[in-house]
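Hydrogens, waters and symmetry mates play no part in the numbers below; they use all other heavy atoms, side chains included. Labels below follow one simple rule: chain letters A, B, ... track the order of the sequence lines, proteins then strands, and each chain is numbered from 1.
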Amino acid sequence: MRMSRYFIPTLKEIPSDAQIASHQLMLRAGMIKQAASGIYSWMPLGLRVLQKIERIVHEEQIRAGHLPLLMPTLQPAGLWRESGRYDDYGEEMLRITDRHNRDLVYGPTNEELITDIFRGHVHSYRDLPLTLYHIQWKFRDEIRPRYGVMRGREFLMKDGYNFDVDKPSAIHSYNRHMVSYLRTYQRMGLQAIPMRADTGPIGGSYSHEFLVLADTGESEVYFDSAILDLSFEGRGVDYDSREECARHVDEWTSHYARTDETHDPETFEHEVPASQRRHSRGIEVGQIFYFATKYSAPMGAAVANAKGERVDVHMGSHGIGVSRLVGAIIEASHDDRGIVWPPSVAPFQAGIVNTASGNPMTEAACDRLYRELATSGVEVLYDDRSERAGAKFATMELIGLPWRITVGPRGLKSGQIELVDRKSGLTESFAPDRIAGELRDRLSASGLANAS
RNA sequence: CGGGGCGUGGCGCAGCAUGGUAGCGCGGCGGUUUUGGGAACCGCAGGUCGUUGGUUCAAAUCCAAUCGCCCCGACCA
């Protein structure tokens, strides 16, 4: 992409409405524009990141054997009356009336709709286990939206629902989700810690939240620092193996880690040595629930078991805040110059900066490099504007692309083009005919195989 | 919903006390000179001062209502 043909309305000054780094940076980098309180337009650059995250979530869900579908944003109120939540959910649920005076709700979540789909088509234990999920916009009329996309009213969420014949298989679904979530966050360069959590209005018997540690997080968290040493890097998983999934879950839940909702100071002090006790803040980027027959019983979602008896299915639900993750990743990865994208979610992998616009030699070198990278599948943003070098550097650093290729007349004369690592600031020089290859090597080293 | 703050060009702000020509910086457009860390100069464009009503010869400024946005709190992916 040539920047002169793209649309990145950056801001030099910090918009006065933004309080936290991620919100400020998303506005300054031209990723989002507020339309109303808690409601945002996603500009081209922001959308690219959102879609990268979405794709990783899809890939990991599908890997775990879960099936994507797409349910509507508007839902009939009748289903919510049936489950009893039409009144229970409260003011947070946006209620709409259509021209025929029918009551609709803009879905804040989808337990009712998915249960309705299930009960209409699944009648036997032979069809189980089944996990359906989708990534769809939600609306929750929050009392006080804030922090940009971190607490919007409209937000993109992956929500999934598992249906199992009995509790042990529902627990396996729960474990499978925990593992798939750990893998998902790992791929985005995030450390998200599963913490025992309250079940809230979704209800149920148990639940974990996934938290990214950050000073600007809205949750207070208490945990054993030993959990910080765990990593899913490079682990393969057999999702069909109950034992293996349970083993991973045990490993990740054996250390004390709770939000303030479930925190118990006595247990904390009893279980965790003083030197390992941590108290900080965190951003909730996902949550998983097992709620047994809470929805299936009142809504009549039952199957025949192996003995021919009709039993209510055991369900769970699971959510990942896709749009919130954009903010959470920035909170976890930025510096005083701007965003530092983990390569897997960066809007472009690399940027090309011509430091001398109008110079035929550097322009020719940039054009050649741009074409070479683009045709070999590297997502590259070429800053071909006639700005001065300093302005281009500042823009590149603000929008946070992992690699910057700097082409200047001085270097070119001595046969050198620079490759700069956004995160470390490390600069290396290579011959013009080697630079694309060097970049591709680095991209594949960070697991981005589309570069080859 | 309770408490606080703010609405003036795309962004950041001044002007309002004491009514009388709407201003500054950034950004944008054109030109000249520049060109490795958000360039300098010259010129230009862009604002019903959130909205409605009132007071007044005259309202960005005073009064009232209303809408919107932000912050603190209770709630939440």
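The partner of B:rC24 is B:rG12, judged by Watson-Crick or G-U wobble contacts that both fall below 3.5 Å. For B:rG2, the paired base is B:rC72 (Watson-Crick or G-U wobble, both distances below 3.5 Å). Look at B:rC62: its Watson-Crick or wobble partner, with both distances under 3.5 angstrom, is B:rG54. As the counterpart of B:rG43, B:rC29 is assigned, both hydrogen-bonding distances of the Watson-Crick or G-U wobble pattern falling under 3.5 Å.
Nucleotides B:rG9 and B:rA14, compared at atom C1', are 14 Å apart to the nearest Å. Look at the C1' atom in both B:rG10 and B:rG28: the space between them is 8 Å, to the nearest Å. If you take atom C1' in B:rU55 and the same atom in B:rA64, they sit 11 Å apart, rounded to whole Å. Comparing B:rC26 with B:rG68, their C1' atoms are spaced 25 Å from each other, to the whole Å. Of the P atoms belonging to B:rA60 and B:rG50, the separation is 10 Å, rounded to the nearest Å. The separation of B:rC70 from B:rC62, taken at their P atoms, amounts to 25 Å, rounded to a whole angstrom. Distance check on atom P: B:rC71 versus B:rU35 gives 45 Å, rounded to whole Å. For the C1' atoms, the distance from B:rA17 to B:rC1 is 34 Å, rounded to whole Å.
Among the protein residues, A:G327 comes within range of no part of the nucleic acid, since none of its heavy atoms lies under 4.0 Å from any strand. As judged by a 4.0 angstrom heavy-atom cut-off over every strand, A:L27 is placed among residues making no nucleic acid contact. Among the protein residues, A:E91 comes within range of no part of the nucleic acid, since none of its heavy atoms lies under 4.0 Å from any strand. Within the 4.0 angstrom heavy-atom criterion, only backbone atoms of the sugar-phosphate kind lie near A:Y147; the bases stay farther away. Within 4.0 Å (heavy atoms only), A:P145 reaches sugar-phosphate atoms of the nucleic acid but no base atom. As judged by a 4.0 angstrom heavy-atom cut-off over every strand, A:A36 is placed among residues touching the sugar-phosphate backbone only. Heavy atoms of A:V285 sit under 4.0 angstrom from primed sugar atoms or phosphate atoms, though from no base atom.
Stacking of A:R81 on the aromatic ring of A:Y86 is recorded, both the 6.0 Å distance cut-off and the 45° axial limit being met. Relative to the ring axis of A:Y239, A:R63 does not place its NZ or CZ within 45° and under 6.0 Å from the centre. With a 6.0 Å cutoff to the six-membered ring centre and a 45° limit on the axis angle, A:R277 does not count as a cation-pi contact of A:Y222. Under the 6.0 Å distance and 45° angle rule, A:R235 counts as a cation-pi partner of A:F232.
A:F139 places none of its side-chain heavy atoms less than 4.5 Å from the side chain of A:T73. Under the 4.5 Å side-chain criterion, counting only non-hydrogen atoms from C-beta, A:Q19 is in contact with A:Y147.
In this entry the distance linking CG of A:D336 with C1' of B:rG38 reads 14 Å, nearest Å. Between A:D17 atom CG and B:rC71 atom C1' there is a gap of 10 Å when expressed in whole angstrom units. Residue A:E142 contributes atom CD, which lies 15 Å from atom P of B:rC69 at whole-angstrom precision. The distance from atom CD of A:Q24 to atom C1' of B:rC71 is 14 Å, rounded to the nearest whole Å. Between A:R144 atom CZ and B:rG68 atom C1' the separation is 16 Å, expressed in whole Å. Atom pair A:I143:CD1 and B:rC72:P shows a separation of 14 Å (rounding to whole Å applied). We find that CD1 of A:I20 is positioned 13 Å from P of B:rC70, with the value rounded to whole Å. Taking atom NE2 of A:H23 as the reference point, atom C1' of B:rC69 lies 11 Å away to the nearest angstrom.
Proximity of A:S37 to the phosphate of B:rG68: no side-chain N or O atom is located under 4.0 Å from OP1 or OP2. Taking side-chain N and O atoms only, A:S16 has no distance below 4.0 Å to OP1 or OP2 of B:rC70. Dashed line: the shortest gap from a side-chain N or O of A:R146 to OP1 or OP2 of B:rC71 is not under 4.0 Å.
Here the closest non-hydrogen pair linking A:E379 and A:K52 is OE1-NZ, 2.8 Å. Closest of all the heavy-atom pairs between A:P432 and A:Q416 is CD-N, 4.3 Å.
Checked against the 6.0 Å centroid criterion, the rings of A:Y89 and A:W80 qualify as a close aromatic pair. In this structure, A:F223 has its ring center at least 6.0 angstrom away from the ring center of A:F268.
Mapping A:Q19 and A:G319 onto RNA chain B by nearest heavy atom places A:Q19 at the nucleotide closer to the 5' end. The 5' end of RNA chain B is approached more closely, in terms of each residue's nearest nucleotide, by A:I14 than by the other of A:I14 and A:A35.
Checked by distance alone, A:R28 brings a side-chain donor or acceptor within 3.5 Å of a matching partner on the base of B:rG38.
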Per-nucleotide protein contact string for nucleotides 26-37 of chain B (B base, S sugar-phosphate only, - none; heavy atom under 4.0 Å): SS------BSBB
